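Note that the structure is predicted; figures quoted are calculated from it, not measured. When a residue number appears, it is its place in the shown sequence, counting from 1.
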Amino acid sequence: MQATNFFGVHIESIAQVIQLSVAPVFLLAGVAATLNVLVGRLVRIVDRARLTEEQMVGAAEVQTTELYERLGVLAKRARLISWAIALSVLCAVLVPLVIVTLFISAILQVNLAIPIAIAFIIALISLAVGLVYFLREVFVATATLTFGMPKDEFGTTQRLRRVIKNS
């Protein structure tokens, strides 16, 4: 016995599309969690930049130079995280388009395998590149850490200059 048709589409083909769309939906959930982390880091960077700008008011010239260097590092971190967010959002936009295209392909019985594959590949590449930007931001953030080293051994200004130079 044949399954019910809806504009000539078998229920089995729709069920198969639903099965195919489960993995991208899980990917979308992972991207959403990643975006939550990235936005949290961006918020902390912006808060730290605002605090640094407030410290500049009335600061001595030596302190002002150090604070400007900190702002430079924070600006670099913000740019890296912004790129990571943008690429993750691109992935988050493409994944639902892949799912919708799967359904359109099944309902209209049109072979859209190549556009689906291309969109999914672009989504995965954008996610991977976004994660690389995130990793780079983590490297910039952790390069300024000294973990208890005495200030006279490795001063804050030297540390910041090294970060700016190497980033």
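With sequence neighbours excluded, the residues forming a side-chain contact (heavy atoms from CB on, under 4.5 Å) with Leu42 are Val46, Ala78, Ile81, Ser82, Ile85, listed by chain and number. Annotation: side-chain contact (heavy atoms from CB on, under 4.5 Å) contacts of Glu53 (sequence neighbours excluded): Leu71.
When every heavy atom of Leu87 is checked against every heavy atom of Gly130, the shortest pair comes out as CD1-N, 3.7 Å. Residues Ala119 and Leu94 share a closest heavy-atom pair of O-CD1, 3.9 Å. Residues Ala113 and Asn111 approach most closely at N-OD1, 3.0 Å, considering heavy atoms. Nearest approach of Cys91 to Val31, heavy atoms of both residues: SG-CG2, 3.7 Å. Nearest heavy-atom pair across Thr64 and Ala59 is OG1-O, 3.5 Å.
Between Val37 and Phe134 there is a side-chain heavy-atom pair separated by less than 4.5 Å. Residues Leu124 and Leu27 meet the side-chain proximity criterion, which asks for heavy atoms closer than 4.5 Å. Counting heavy atoms from C-beta outward, Ile122 and Ile118 have side chains that approach closer than 4.5 Å.
Remark: the backbone N or O of Val110 is paired with a side-chain donor or acceptor of Ser105 at under 3.5 angstrom.
Hydrophobic clustering of Ile, Leu, Val, Met, Phe, Trp and Tyr side chains at less than 4.5 Å, counting indirect connections, unites Ile114 with Phe120.
Tested against Glu137, the residues Arg77, Arg79, Lys76, Arg44 include a single salt bridge (charged side-chain N to carboxylate O under 4.0 Å, His left out) partner, Arg77.
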